2 protein chains.
Amino acid sequence: MKNTPDLSAQIAKSIRDAIVSGDLPVDERLPSEAELSEQFNVCRSTVREALKRLAAQSLIRTQRGATGGAFVNHLTFEDAYGQQITTSALLLSMNTVDFDTACEARFALERACAPLSAKRRSADHLATMRAEITRQAQPGLSDESFCASDVAFHRALVDGAGNPVLSYQLAGAVEAIEPLMNMITFTARSRTHIVGLHTAIADALEAQNASDVDTLLADLAGYTAALGKSVADAKKPAT
Amino acid sequence: MKNTPDLSAQIAKSIRDAIVSGDLPVDERLPSEAELSEQFNVCRSTVREALKRLAAQSLIRTQRGATGGAFVNHLTFEDAYGQQITTSALLLSMNTVDFDTACEARFALERACAPLSAKRRSADHLATMRAEITRQAQPGLSDESFCASDVAFHRALVDGAGNPVLSYQLAGAVEAIEPLMNMITFTARSRTHIVGLHTAIADALEAQNASDVDTLLADLAGYTAALGKSVADAKKPAT
DNA sequence: GAATCGTCAATTGTCTGACATTTGATCTTC
DNA sequence: GAAGATCAAATGTCAGACAATTGACGATTC
């Protein structure tokens with residue numbers, strides 16, 4: 001039960017700490033692999049494994065050529081979105097988080113940014129939401145496309161809050177649930193109901209009526225949970 | 001402007017897709033490095049770099065020895081916390097986000113889970129909060145320790161909601177702000193005020209009074225923002 | 001003088017082969 | 001049957017080489 005991590009993990013941690021602490025500023029060039037291997041007294045391939053670990057976390061980027069090397073990466077929200085969403089999706093799929101819990105979290109977070117969105121939403125956000133509502137009302141739409149459009153609608157709502165941190169945090173919560181939602185078959189009746197709620201939400205946001213938005217989101221949360229429950233019930237009795 | 005990613009990145013993506021899609025189930029053993037290098041027609045070190053990338057994302061774990069190898073990792077909430085927090089902290093520290101935005105996001109999310117926490121908080125959560133409040137009232141406490149205790153207090157509040165997805169999502173928002181908060185010097189007067197609000201919040205949670213909790217959190221949010229503003233103002237005029 | 005082209009050197013990416021280390025499985029011995 | 005010795009498979013590390021890329025620098029040409 002030796003608990004000594006690999007050399008490449010130690011080196012990665014050493015460099016990562018330097019980056020996170022701000023010791024290595026953004027766009028700073030790290031020493032070349034050859035220099036690092038001398039500094040840490042290991043061979044180059046070990047250094048490379050450490051660097052690949054950091055690259056996988058978007059902490060550094062590498063560039064070939066004479067003036068190339070490894071540079072401290074400027075972490076963008078886009079970079080972070082991807083990791084956040086895959087991690088969240090994996091967490092949900094691997095941890096048998098039930099539909100109720102995931103939905104509860106999602107709508108709790110969404111209601112948190114609803115007041116801000118009611119205050120700040122731009123015409124652009126409203127237009128996106130209206131467009132998605134129109135798509136959701138089309139009859140031939142597959143369940144997967146309906147869910148994707150649902151996610152896009154809610155993303156627009158969240159983005160309307162104009163707070164990139166909120167958008168980033170909620171990207172995981174909203175998008176990670178898509179696979180779970182895809183397991184639900186949306187009947188024509190349920191789609192109509194959801195589209196109705198979406199329209200009402202868009203109307204309330206346009207009117208900047210925060211309390212109405214909150215009430216409607218609560219309705220939608222309850223309805224979604226009920227849908228999920230009915231699907232679960234339909235599966236259970238088969239045993 | 002060749003846009004072909006490295007071989008190790010391609011291989012990592014290939015395996016990652018297989019894991020995320022569920023094609024490789026949890027605890028499944030991957031082929032050995034030698035076998036993978038044959039399958040992908042690359043040398044072993046290239047395969048190893050790919051595996052290290054996946055290990056950095058906690059997607060696989062490796063084990064040495066005869067029955068060892070790379071196994072698809074069961075991603076736990078604990079594992080995800082770490083990545084989430086470092087990523088969020090980096091996003092904030094890279095100056096793309098100002099203190100106001102971060103605080104707004106943090107308290108918006110926190111208020112989202114306050115009603116749930118008021119309903120479900122256990123005696124254990126309350127005890128943790130009381131203990132942190134006691135610590136925060138101690139006179140000799142450093143600013144860093146005060147902030148750390150503040151984070152622990154709010155973590156207990158969030159955990160009280162009893163929803164692991166919420167806890168996971170908010171871990172980033174709450175803990176990532178700690179470095180920013182550490183830049184604030186807390187006077188004795190501001191500490192007293194904050195401890196007072198914390199006590200009132202704990203009282204309201206104990207009484208399961210959700211609306212009071214919400215009001216108090218709003219107060220705390222406003223006060224924290226004001227503190228941050230005063231610090232920023234104190235710095236600006238120096239130029 | 002300016003633009004174009006070639007060369008060069010530094011750096012990362014990949015390959016090959018070897019050895020060290022770990023660890024469960026298996027065999028041996030009592 | 002239990003304890004220890006041995007083995008084999010796998011990852012971890014090392015050493016050295018070559019390929020590929022790319023900016024810098026100089027040479028050539030108009």
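To find a chain, count down the sequence lines: A is the first, B the second, and so on, and within it residues start at 1. When reading the values below, keep in mind they use all heavy atoms of this one structure, side chains included, and skip hydrogens, waters and symmetry mates. A quick note: this is a predicted structure, and the numbers were derived from the prediction, not measured.
No side-chain donor-acceptor contact under 3.5 Å links A:T46 to the backbone of A:V42.
Comparing A:G65 and A:S8 along DNA chain D, the residue whose closest nucleotide (by nearest heavy atom) sits nearer the 5' end is A:S8. Comparing A:T46 and B:T67 against DNA chain D, the residue whose closest nucleotide sits nearer the 5' end is B:T67.
The phosphate of D:dG12 (OP1 or OP2) has a side-chain N or O of B:K52 nearer than 4.0 angstrom. Taking only side-chain nitrogens and oxygens, A:R48 never comes nearer than 4.0 Å to OP1 or OP2 of C:dT12.
Atom CD of B:Q169 and atom CG of A:L170 lie 7.0 Å apart (nearest 0.5 Å). Between the CD atom in B:E110 and the CG atom in B:L166 there is a gap of 11.5 Å [rounded to 0.5 Å]. In this structure, CD on A:E132 lies 11.0 Å from CZ on A:F146, to the nearest 0.5 angstrom.
To the nearest angstrom, P of C:dT11 lies 18 Å from CG of B:D6. One can place CG of B:L36 at 17 Å from P of D:dA9, the figure rounded to the nearest angstrom. Atom CD in B:Q63 sits about 10 Å away from atom P in D:dG12, given to the nearest Å. A:F40 has its CZ atom 17 Å from the C1' atom of D:dC14, to the nearest Å. We find that CZ of B:F71 is positioned 13 Å from P of C:dT23, with the value rounded to whole Å. Distance, B:R61 CZ to D:dA10 P: 17 Å, rounded to whole Å.
Backbone-only contact: B:R29 has heavy atoms under 4.0 Å from sugar-phosphate atoms and none from a base.
Which of C:dT12, C:dT16, D:dT22 sits closest to the side chain of A:T62 comes down to C:dT12. Which of D:dC14, D:dA8, D:dT22 sits closest to the side chain of A:A66 comes down to D:dT22. Taking every side-chain heavy atom of A:E33 into account, C:dG13 is the closest of C:dG13, D:dT11, C:dT16.
Checking A:Q136, A:R155, A:H198 one by one against A:D150, the side chain to side chain donor-acceptor pair (under 3.5 Å) holds for a single residue, A:H198.
Not a single donor-acceptor pair, N or O on each side, falls under 3.5 Å between the base of C:dG17 and the side chain of B:R44. Taking 3.5 Å as the limit, the base of C:dT21 and the side chain of B:R64 contain a donor-acceptor pair of atoms between them.
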